[in-house]
Amino acid sequence: MTGTERKSERKVLRVLDGEAIGPPPAWMMRQAGRYLPEYRATRAEAGSFLDLCYSPDFAVEVTLQPIRRFGFDAAILFSDILVVPHALGQDVRFVEGEGPRLDPLDGREAFSKLREAGDPAVMTHLAPVFETVTRLRAELPGETTLLGFCGAPWTVASYMIGGRGTPDLAPARALAEGDTALVDALIDRLVTVQTDYLVRQLEAGADAVQIFESHAGTLPLAVPTSDGTVEPVGDVAESALPGAPAADALTRWSLQPIARMVAGVRARVPGAKIIVFARGSGLDGHAQVVPETGADAVGVDWGVDLKALRATVPATTVTQGNLHPETLIEGGAALDAAVDAVLEATAGRPHIFNLGHGITPQTPVAHVERMLARLRGQG
């Protein structure tokens, strides 16, 4: 069987081409994770979380685990969005029970210590990720779509600036409003580096990629006008959206940088399939994602009424999502009803079944099995 014929078996790719398939293909964000006993065993063997990400042996194994157990239609590369700041030279570590910690990028001096976008050491640092992708494509079943990914520039920048995830992203928002040129320069660097990062994942064997904008709902509300007191950083001049409403903030800080990435990837990999997940952007924000970024599909978070979104966007728009992770924990009749609601909202439209955010560690494996049985008409 030729490579083209094998790709034609991959239902997720067919949906990304605009085909409506019933029942829709399925995968889950964070499907390789702590809810699986086999993942926990591999994680313990690997040592640190970053060792798990950077070891192709371990990363391949945990990526394959949910495919073996559930037969999902897509496998998503096991890694983390913060390997990119790590590759840029920022200290990144994962504290057990607390999550990621970074040395905060709190000003221009810290920014000056990052590697330049064209420094070959950046992609050398990420070489184990590309090896993992190549090995996964060789080991996955022919019908399984392989997804690569990265974080969106604003989301990654918010971690780099704050040094950790915070509910309101106060450090990142304050810096964006206080030294706009600096945050523009950081986002520009992330656009360049992550475009290259996604291209290399695709060249290594990924069928499609997803860009995770986890913080689309937590953006600076306005960009101050330039009064001449802040010097531009490098070649980036300060720009302004004085008194910008939320929609303008979404475009300025989130969708425009993503659109530059999408265009940059496609300039080097024509026809590349790209999904954008803009969590927290609301119904109107979700409706903007495909037309404003050029993505092939919009990932829908659990807070959006999927039926209302499908009524808002063109019938040809590809959607993905959006079962609530807490409903998956609850299980039973509530889970069955929620699966049915997603199917009803997307009937006859191109859709990829997924959660509206990542699966949580306390989710019973049996509930994932029940969800898939219901989706596939077996329960």
Side-chain angles (χ1 to χ4, degrees), residues 3-4 6-7 10 12-13 16-17 53-54 56 59-60 63 74-90 114-138 140 144-157 160 185-214 254-278 289-290 292-299 318 320:
T4 301
R6 283 195 295 269
K7 280 195 171 185
R10 296 170 194 163
V12 169
L13 285 184
L16 291 175
D17 276 331
C53 292
Y54 288 132
V60 167
T63 303
I76 185 164
L77 162 73
F78 184 86
S79 186
D80 193 271
I81 64 172
L82 298 182
V83 297
V84 170
H86 200 212
L88 285 169
Q90 189 172 21
L114 296 179
R115 292 184 175 118
E116 296 289 339
D119 188 333
V122 175
M123 291 301 144
T124 298
H125 181 99
L126 296 168
V129 177
F130 310 136
E131 180 184 340
T132 297
V133 172
T134 298
R135 288 173 54 177
L136 280 168
R137 185 63 276 167
L140 281 166
T144 307
T145 299
L146 175 58
L147 301 173
F149 75 94
C150 72
W154 168 251
T155 289
V156 177
M160 295 178 74
L186 176 58
I187 285 178
D188 271 14
R189 190 162 302 182
L190 289 168
V191 166
T192 301
V193 168
Q194 295 195 136
T195 297
D196 194 16
Y197 183 47
L198 292 182
V199 166
R200 293 183 186 229
Q201 290 181 44
L202 290 161
E203 291 175 342
D207 295 305
V209 293
Q210 177 157 311
I211 299 173
F212 285 86
E213 182 70 284
S214 302
S254 176
L255 301 184
Q256 284 182 349
I258 292 171
R260 289 162 55 200
M261 289 179 61
V262 171
V265 170
R266 295 227 179 96
R268 294 169 59 186
V269 185
K273 297 299 180 186
I274 302 171
I275 306 165
V276 171
F277 178 62
V289 166
V290 169
E292 290 204 21
T293 68
D296 296 284
V298 54
V318 181
Q320 176 180 276

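These values consider heavy atoms only, across backbone and side chains, with no hydrogens, waters or symmetry-generated copies.
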Rounded distance (nearest 0.5 Å) linking atom CD of Glu203 with atom CG of Leu198: 11.0 Å
side-chain contact (heavy atoms from CB on, under 4.5 Å) partner of Met261, the single match among Leu190, Thr192, Asp196, Val191: Val191
Ile76 vs Phe149, side chain to side chain contact (heavy atoms under 4.5 Å, CB included): CA-CA, chis, key distance, verdict: CA-CA 8 Å; Ile76 185 164; Phe149 75 94; 4.0 Å; yes
Flag for Gln210-Gln320: side-chain donor and acceptor within less than 3.5 Å: yes
Arg10 side chain to Ala74 backbone, donor-acceptor under 3.5 Å: no
Salt bridge (Lys or Arg N to Asp or Glu O under 4.0 Å) partners of Glu116, counting only residues at least two apart: Arg189
Polar side-chain atom of Asp207 near backbone of Thr145 as donor-acceptor pair, under 3.5 Å: no
Side-chain donor/acceptor of Thr195 to backbone N/O of Gly264, under 3.5 Å: no
Exam field: side chain Thr293 to backbone Leu255, donor-acceptor pair closer than 3.5 Å: no
Gap separating the CD1 atom of Ile258 from the CD1 atom of Ile211, nearest 0.5 angstrom: 6.0 Å
Reported NE2-to-CG distance for the pair His125 and Asp119, which is rounded to 0.5 angstrom: 12.0 Å
Test item: Thr144 side-chain N/O and Leu140 main-chain N/O as donor-acceptor pair under 3.5 Å: no
Derivation of the side chain to side chain contact (heavy atoms under 4.5 Å, CB included) call for Val265 and Ile274: CA-CA 9 Å; Val265 170; Ile274 302 171; 4.1 Å; yes
Glu131: partners by salt bridge (Lys or Arg N to Asp or Glu O under 4.0 Å), with sequence neighbours left out: Arg135
Short side-chain to backbone donor-acceptor contact, Gln194 and Cys150, under 3.5 Å: no
Listed partners of Asp17 passing salt bridge (Lys or Arg N to Asp or Glu O under 4.0 Å), at least two apart: Lys273
Trace of the side chain to side chain contact (heavy atoms under 4.5 Å, CB included) decision for Val193 with Leu88: CA-CA 9 Å; Val193 168; Leu88 285 169; 4.0 Å; yes
Leu126 and His86, any side-chain heavy atoms less than 4.5 Å apart: no
Using a 3.5 Å cut-off and no angle test, enumerate the donor-acceptor pairs between side-chain atoms of residues 77-85 and protein atoms at least two apart in sequence or in another chain.
unit_1	atom_1	unit_2	atom_2	d
Asp80	OD1	Leu82	N	2.9

By salt bridge (Lys or Arg N to Asp or Glu O under 4.0 Å) - contacts of Arg115 (at least two apart): none
Any donor-acceptor N/O pair, Glu213 side chain to Val276 backbone, under 3.5 Å: no
Worked check of side chain to side chain contact (heavy atoms under 4.5 Å, CB included) between Val133 and Arg200: CA-CA 10 Å; Val133 172; Arg200 293 183 186 229; over 6 Å; no
Counterpart residues, ring pair (Phe, Tyr, Trp, His ring centres under 6.0 Å), relative to Phe130 (two or more places apart): Tyr197
Approximate separation, where rounding is to 0.5 Å, of Arg137 CZ and Thr132 OG1: 14.5 Å
